[in-house]
Amino acid sequence: MCGRASRTNDVSELTQDLRIDRNKPADYRPRWNAAPTSDLPVVTSSPDRGRTLELMRWGLIPSWAKEWAKNSNIARSTFNARAEGIDSKPAFRNAWKAGRRCLVVANGYY
């Protein structure tokens, strides 16, 4: 489990290294102490769009969360999952089974 992540260098090299097809315009600046709910560079992939690099907020809002909860701090309590429970915990189970995954680009985590 981690509670902080860092991305200390420019992500422009990633578009070539990871064969990114689309790069959504964003302000990619180095972060040494990114906390949950911070915006981090993320790679997603789909058959119709290819690989895309964009900023996303660190955390998961479960599909079963009510509308009022989506505006609250629920993402702070669901920012991390343990491998041994990801397929059974209600917050992560549906996303895991549906294959919705992404690559969070970081140099390190702690």
Side-chain angles (χ1 to χ4, degrees):
M1 305 249 325
C2 66
R4 296 284 194 252
S6 66
R7 178 74 206 163
T8 57
N9 55 357
D10 189 12
V11 296
S12 61
E13 296 173 3
L14 290 174
T15 57
Q16 188 174 31
D17 293 344
L18 297 176
R19 298 184 189 124
I20 303 296
D21 299 317
R22 296 176 54 198
N23 188 2
K24 293 190 176 182
D27 181 20
Y28 298 117
R29 54 177 204 250
R31 302 284 308 260
W32 287 267
N33 189 16
T37 71
S38 297
D39 292 337
L40 295 172
V42 173
V43 178
T44 58
S45 181
S46 67
D48 57 330
R49 295 183 343 169
R51 289 185 184 167
T52 304
L53 179 66
E54 60 187 299
L55 282 177
M56 288 188 177
R57 183 157 296 183
W58 180 7
L60 174 74
I61 298 175
S63 60
W64 47 262
K66 305 276 186 213
E67 278 304 313
W68 62 267
K70 292 181 180 181
N71 295 326
S72 72
N73 292 327
I74 194 167
R76 288 188 183 171
S77 62
T78 57
F79 72 90
N80 225 337
R82 291 179 182 245
E84 60 270 11
I86 199 165
D87 58 345
S88 61
K89 301 274 186 202
F92 305 105
R93 180 178 51 224
N94 292 340
W96 177 258
K97 289 180 180 176
R100 293 188 318 240
R101 297 173 183 81
C102 64
L103 173 66
V104 179
V105 182
N107 292 88
Y109 58 90
Y110 52 98

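Quick note: numbers below take in every heavy atom, side chains included, and nothing from hydrogens, waters or symmetry partners. What you see is a predicted model, and the numbers here were worked out from it, not measured in a lab.
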> Ignoring hydrogens and geometry, is there a side-chain-to-backbone donor-acceptor pair from Arg51 to Asp21 under 3.5 Å?
Replying inline: no
>> Would you say that more than 12 heavy atoms from the other residues, nucleotides or ligands in this model lie under 6.0 Å from the CD of Glu84, or not?
In response: yes
> If you measure from SG on Cys102 to CD on Glu54, what distance do you get to the nearest 0.5 Å?
Replying inline: 9.5 Å
> Tell me, do Leu53 and Leu18 make a side-chain contact under 4.5 Å, heavy atoms counted?
Replying inline: no
>> As a test of understanding, state which of Leu40, Val43, Thr44 forms a side chain to side chain contact (heavy atoms under 4.5 Å, CB included) with Met56.
In response: Thr44
> Measuring from Ile86:CD1 to Arg93:CZ, what's the distance to the nearest 0.5 Å?
Replying inline: 12.0 Å
> Of the non-hydrogen atoms in Tyr110 and Trp32, which two are nearest, and what is the gap between them?
Replying inline: OH-O, 3.2 Å
> So among Val104, Thr52, Leu55, Leu103, which one has a side chain to side chain contact (heavy atoms under 4.5 Å, CB included) with Val42?
Replying inline: Val104
>> Do Ser6 and Asn33 have side chains that approach each other closer than 4.5 Å (heavy atoms only, starting at C-beta)?
In response: no
